[in-house]
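For reference, the structure is listed below as structure tokens.
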Number of protein chains: 2
Amino acid sequence: MAEPRWLDERQQRAWRGHLALQARLHAQLNRRLQADSGLSLADFDVLVALSESDGPMRVQELADHLQWEKSRLSHQLSRMERRALLERQDCPDDARGAFVVLSAAGRRAIEAAAPAHVEAVQSLVFDGLDDAQVETWAEIADAVLARVDARG
Amino acid sequence: MAEPRWLDERQQRAWRGHLALQARLHAQLNRRLQADSGLSLADFDVLVALSESDGPMRVQELADHLQWEKSRLSHQLSRMERRALLERQDCPDDARGAFVVLSAAGRRAIEAAAPAHVEAVQSLVFDGLDDAQVETWAEIADAVLARVDARG
DNA sequence: CGCACTTCGGTGACGCGTCAACTATGCTGG
DNA sequence: CCAGCATAGTTGACGCGTCACCGAAGTGCG
């Protein structure tokens, strides 16, 4: 490759915008969630997945659902177990495996946190966009994700 | 707030798409950049800012330009200084202050890394999008950023 | 001058995320 | 049976990012 394909002006606006959006929105939502309910966004994702499945989940199953690497999930589960948001249980069928279950505190935490978090997403993100933009945004995400996953 | 404003289906597609995109694209670009040139995306951002300014920059100036918190930047600079990508220098005018300068190795690193990184962004992101989508993406980012910054 | 206040930048602790390596268990073919 | 390999999950090290806090130096007002 002699000369790289530099980004044109429009692409730069989109790309820098995406980077800034990603960084600041994540930080802001995390800060709010933390302040409102003592949960991080990572905690939230795990708790949502567990509460949707209702009942014990295998670690691998959870990792597949969240599309997380297993070591990432393992670290996260350890931190959450330490705070009693969930429990790990032995798996009778496969002695290598482990089940993860929501604790009562974990269920309370996610139910308490969800409404304010959803409201934060609405007010920070969607209240500023019209339907067509939201639709296009979803298409953009699908298109880029297809390329990222194809070259993953 | 009695009943939270849950996300409708379109919003969920966009939001989950954004979250997935953000996570996987960041991971993938970081992995490639690391493999190709031994730099992280954070290193890259700092090096780009420094090489654009050409000449020493005050830490606060760099933080403002990158829109990073000063402690984040300070940690990053320490890691990069350890690897000799840059140097910190005393500031004669203000004894509290510090200048940051690119080292020769830092300049070589950014010049070597940039073409492949730009090509990765093009091929993973923009090759899958048409002009209208890119334009809308930039508008979305601006609109959401305005709200995030207003409530930051 | 002297005392409060701010600003500059750094530090330590801790959570998040990846990588490489490891343990323990299950599985499969000879 | 058992040797070899695959799978489930964990661990430790390290970089990234935030928070709370600190010390040093500038600033402004009595």
Side-chain angles (χ1 to χ4, degrees), chain A residues 19-20 22-35 37-46 56-64 66-83 85-100 152, chain B residues 19-20 22-35 37-46 56-64 66-83 85-100 152:
Chain A
L19 294 176
Q22 183 266 101
R24 291 191 242 164
L25 185 55
H26 184 280
Q28 173 97 4
L29 288 174
N30 205 13
R31 211 174 348 259
R32 288 183 181 221
L33 186 58
Q34 193 72 239
S37 56
L39 297 176
S40 67
L41 287 172
D43 296 335
F44 191 88
D45 289 345
V46 170
M57 258 180 116
R58 286 293 292 267
V59 171
Q60 185 60 54
E61 188 188 355
L62 194 48
D64 290 346
L66 293 167
Q67 300 247 55
W68 283 14
E69 293 186 10
K70 61 188 180 159
S71 91
R72 175 183 176 187
L73 180 56
S74 183
H75 285 301
Q76 183 67 34
L77 293 176
S78 296
R79 288 188 294 265
M80 294 177 73
E81 193 175 21
R82 207 186 311 144
R83 290 186 293 144
L85 294 170
L86 50 79
E87 285 167 23
R88 289 198 245 229
Q89 292 177 351
D90 289 345
C91 175
D93 299 349
D94 185 339
R96 295 167 303 178
F99 281 117
V100 184
Chain B
L19 294 176
Q22 182 266 101
R24 290 191 242 166
L25 186 55
H26 184 279
Q28 173 97 3
L29 288 174
N30 205 12
R31 211 174 347 258
R32 287 182 182 220
L33 186 59
Q34 193 72 241
S37 56
L39 297 177
S40 67
L41 287 172
D43 296 335
F44 191 88
D45 289 345
V46 171
M57 261 180 115
R58 286 291 292 268
V59 171
Q60 186 59 54
E61 188 187 355
L62 194 49
D64 290 346
L66 292 169
Q67 301 246 51
W68 284 14
E69 294 187 9
K70 60 189 180 156
S71 91
R72 173 184 177 186
L73 181 56
S74 183
H75 285 301
Q76 182 68 33
L77 293 176
S78 296
R79 287 188 294 266
M80 293 177 74
E81 193 175 21
R82 208 186 311 144
R83 290 187 293 144
L85 294 171
L86 51 80
E87 285 168 23
R88 286 197 245 230
Q89 291 177 349
D90 288 346
C91 173
D93 298 348
D94 186 339
R96 294 167 304 180
F99 281 118
V100 184

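Here is how names work: the chains are called A, B, and so on, in the same order as the sequence lines, proteins then strands, and each is numbered from 1. Remember, it's a predicted structure, so these values are computed and weren't measured experimentally.
- S40(B) comes within 4.0 angstrom of sugar-phosphate atoms only, judged by non-hydrogen atoms across all strands, and of no base.
- For the pair D93(B) and E69(B), both in contact range of DNA chain D, the more 5′-proximal nearest nucleotide belongs to E69(B).
- When distances run from any side-chain atom of A42(A) to the nucleotides dG9(D), dG17(D), dC16(C), the shortest one goes to dC16(C).
- Side chain of Q34(B) to backbone of R31(B): no donor-acceptor contact under 3.5 angstrom is found.
- Across all strands, S71(A) comes closer than 4.0 Å to base atoms (heavy-atom distances).
- As rounded to whole Å, 14 Å separates atom P of dA8(D) from atom CG of L62(A).
- Donor-acceptor pairing under 3.5 Å, judged by distance alone, is present between the side chain of H75(A) and the base of dG12(D).
- Between Q76(B) and the phosphate of dG15(D), there is no side-chain N or O to OP1/OP2 separation shorter than 4.0 Å.
- When heavy atoms are screened at a 4.0 angstrom cut-off, A27(A) is found touching the sugar-phosphate backbone but no base atom.
- Contact annotation for R82(A): backbone-only contact, meaning every heavy-atom pair under 4.0 Å involves sugar-phosphate atoms and none involves a base.
- Contact between the side-chain N/O atoms of R31(A) and the OP1/OP2 oxygens of dC19(D) is found at a separation under 4.0 Å.
- R79(A) and S40(A) share no side-chain donor-acceptor pair at under 3.5 Å.
- We find that CG of L33(B) is positioned 19 Å from P of dG17(C), with the value rounded to whole Å.
- A donor-acceptor pair shorter than 3.5 Å can be found between the side chains of Q60(B) and D64(B).
- Contact annotation: Q60(A) side-chain N/O to dT7(D) OP1/OP2 distance is not under 4.0 Å.
- Each of D43(A) and A98(B) has a nearest nucleotide on DNA chain C; the 5'-most of these lies closest to A98(B).
- When rounded to the nearest whole Å, the span between NZ of K70(A) and P of dA21(C) equals 14 Å.
- For S78(A), taking side-chain heavy atoms from C-beta onward, the closest of the listed nucleotides dT11(D), dT25(C), dA25(D) is dT11(D).
- D90(A) places its CG atom 13 Å from the C1' atom of dT25(C), with the value rounded to the nearest Å.
- From Q22(A), atom CD reaches atom CG of L19(B) across 10.0 Å, with rounding to the nearest 0.5 Å.
- Residue contacts for N30(A): at a heavy-atom cut-off of 4.0 Å it reaches no nucleic acid atom on any strand shown.
- Nearest to the side chain of R96(B), among dG26(D), dT11(D), dT10(D), sits dG26(D).
- D43(A) and Q76(A) share a donor-acceptor pair across their side chains, judged by distance under 3.5 Å alone.
- When the C1' atom of dA8(D) is taken as reference, atom CZ of F99(A) falls 12 Å away, rounded to whole Å.
- A straight line from CZ of R58(B) to P of dT7(C) spans 14 Å, rounded to a whole angstrom.
- Distance CG (L77(A)) to C1' (dT10(D)): 11 Å, rounded to an integer number of Å.
- Each of dG9(C), dC16(D), dT11(C) was ranked by its minimum atom distance to the side chain of V59(B); first place goes to dG9(C).
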Using a 3.5 Å cut-off and no angle test, enumerate the donor-acceptor pairs between side-chain atoms of residues 66-75 of chain B and protein atoms at least two apart in sequence or in another chain.
none

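- Residue R88(A) is in sugar-phosphate contact alone, with no base atom involved, counting any heavy-atom pair closer than 4.0 Å across all strands shown.
- R79(A) places its CZ atom 13 Å from the P atom of dT10(D), with the value rounded to the nearest Å.
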